[in-house]
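In what follows, a single structure is set out as structure tokens and then discussed.
Reckoned from all heavy atoms, side chains included, excluding hydrogens, waters and symmetry mates.
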Amino acid sequence: MTGEMEFRVLDDPGLVEALFPAHVKSHHIRTMIGHLTSGAIDPGYNVLLDFTATSTIEFPASDMIELAMKRRRELPAYPGKPLRSAIIGERPAIAPLVEMWEGFFFEDPPAIIFRRFSSREQALNWITEPR
């Protein structure tokens, strides 16, 4: 994988796969949120976050707050069914930042539910299972 993110958009079942590079920086997250907020990717799609290739994340708190707020504005206040974000390939070195990102979306009722999986297949099964 290059130093940029890759996206795979599957309109059926309404899913975007975000494949992160080895060294993730704020501009990678900004690119993803930009696609979701601009409508280039439907903001109502479930997301598979693939950190399999990622060994480091540089994401200052100020950028995290700004981008989490931007993403949250795109989500419904009282969703009928929350979006799902499946995480695969998370290494211990990046786990604290991923958990911090999740913390911006803990609410009742949830707008997004995050879960971790050991394989892409397990993640896709959970994302696409009927609710």
Side-chain angles (χ1 to χ4, degrees):
M1 175 180 283
T2 67
E4 293 307 312
M5 288 184 67
E6 293 180 32
F7 296 97
R8 296 181 192 141
V9 179
L10 305 169
D11 292 318
D12 183 24
L15 167 73
V16 61
E17 288 185 68
L19 293 87
F20 290 86
H23 305 290
V24 176
K25 297 187 177 192
S26 293
H27 78 272
H28 295 108
I29 311 299
R30 189 173 302 283
T31 297
M32 181 175 172
I33 300 301
H35 286 323
L36 291 165
T37 58
S38 73
I41 296 173
D42 188 317
Y45 277 13
N46 292 312
V47 179
L48 188 149
L49 302 168
D50 186 341
F51 292 104
T52 304
T54 305
S55 57
T56 63
I57 298 178
E58 294 177 40
F59 196 22
S62 59
D63 290 352
M64 186 179 293
I65 292 166
E66 171 202 348
L67 294 172
M69 290 174 61
K70 190 172 186 178
R71 172 65 171 140
R72 184 61 191 95
R73 282 192 295 269
E74 295 297 316
L75 300 170
Y78 300 100
K81 66 179 183 182
L83 297 176
R84 294 179 176 198
S85 284
I87 300 167
I88 61 172
E90 181 184 62
R91 292 181 169 87
I94 67 169
L97 280 171
V98 175
E99 290 170 5
M100 196 179 312
W101 175 259
E102 284 180 70
F104 287 101
F105 300 96
F106 283 130
E107 55 197 339
D108 188 20
I112 302 176
I113 299 171
F114 292 87
R115 292 235 174 103
R116 285 155 177 76
F117 296 90
S118 57
S119 74
R120 181 179 181 275
E121 180 181 356
Q122 291 172 334
L124 290 174
N125 286 340
W126 175 70
I127 284 178
T128 59
E129 74 184 9
R131 297 179 253 171

- Residues Ala123 and Ala86: closest non-hydrogen pair is CB-CB, 3.6 Å
- What pair of heavy atoms forms the shortest contact from Met5 to Pro21, and how long is it? CG-CD, 3.8 Å
- How long is the span from the CE atom in Met69 to the CZ atom in Phe104, to the nearest 0.5 Å? 9.5 Å
- Within one Ile-Leu-Val-Met-Phe-Trp-Tyr cluster: Ile88 and Tyr45, side-chain cutoff 4.5 Å: no
- Closest non-hydrogen contact found for Leu15 with Leu124 is CD2-CD2, 3.4 Å
- Item | Atom pair OG1 (Thr31) and CG (Leu36), whose distance is rounded to the nearest 0.5 Å | 11.0 Å
- Nearest-0.5 Å distance, CZ of residue Arg115 to CZ of residue Arg84: 7.0 Å
- Query: Atom CG in Asn46, atom CD1 in Ile113: separation rounded to 0.5 Å?
  - Reply: 9.5 Å
- Taking His35 for the side chain and Met32 for the main chain, is one N or O donor matched with an acceptor at less than 3.5 Å? no
- Relative to the ring of Phe20, is the ring of Phe51 parallel (under 30°), tilted (30 to 60°) or perpendicular (over 60°)? parallel
- Task: Find out if a path of hydrophobic residues (ILVMFWY) with successive side-chain heavy-atom gaps under 4.5 Å connects Leu19 to Leu10.
- Result: no
- Message: I'd like to know if Ile127 and Val47 are part of one continuous hydrophobic network [Ile/Leu/Val/Met/Phe/Trp/Tyr, side-chain heavy atoms within less than 4.5 Å].
- Response: no
- Message: Using only atom types and a distance under 3.5 Å, with no angle test, would you say the side chain of Arg91 pairs donor to acceptor with the backbone of Thr52?
- Response: yes
- Task: Say whether, by atom type as modelled, one donor and one acceptor occur between the side chain of Arg72 and the main chain of Phe105 under 3.5 angstrom.
- Result: no
- Query: Run the side-chain contact (heavy atoms from CB on, under 4.5 Å) check on Phe117 and Leu48 step by step: do they pass?
  - Reply: CA-CA 10 Å; Phe117 296 90; Leu48 188 149; over 6 Å; no
- Note on the structure: Closest non-hydrogen atoms of Ala95 and Glu90, given as atom of the first, atom of the second and distance, are CA-OE2, 3.7 Å
- Query: Does the pair Val16 and Phe7 meet the rule for a side-chain contact (heavy atoms from CB on, under 4.5 Å), with working shown?
  - Reply: CA-CA 7 Å; Val16 61; Phe7 296 97; 4.1 Å; yes
- Query: Out of curiosity, Ile33 CD1 to His28 NE2, how far, rounded to the nearest 0.5 Å?
  - Reply: 14.0 Å
- Message: Nearest 0.5 Å, please: how far is CD in Glu66 from CZ in Arg30?
- Response: 4.0 Å
- Item | side-chain contact (heavy atoms from CB on, under 4.5 Å) between Ile57 and Ile29, intermediate numbers included | CA-CA 10 Å; Ile57 298 178; Ile29 311 299; 5.8 Å; no
- Message: I'd like to know whether Leu67 forms a side-chain contact (heavy atoms from CB on, under 4.5 Å) with Trp101, so could you lay out the CA-CA distance, the side-chain angles of the two residues, the decisive distance to 0.1 Å, and finally the verdict.
- Response: CA-CA 10 Å; Leu67 294 172; Trp101 175 259; 4.2 Å; yes
- In terms of heavy-atom contacts, Leu75 and Leu83 come closest through CD2-CD1, 3.4 Å
- For Glu129, does the CD atom sit with more than 12 other heavy atoms under 6.0 Å from it, leaving out its own atoms? yes
- Where Ser26 and Pro60 come nearest, the two heavy atoms and their spacing: OG-CD, 3.1 Å
- Message: Determine whether a donor-acceptor pair (N or O, by modelled atom type, separation under 3.5 Å) exists between the side chain of His27 and the backbone of Glu4.
- Response: no
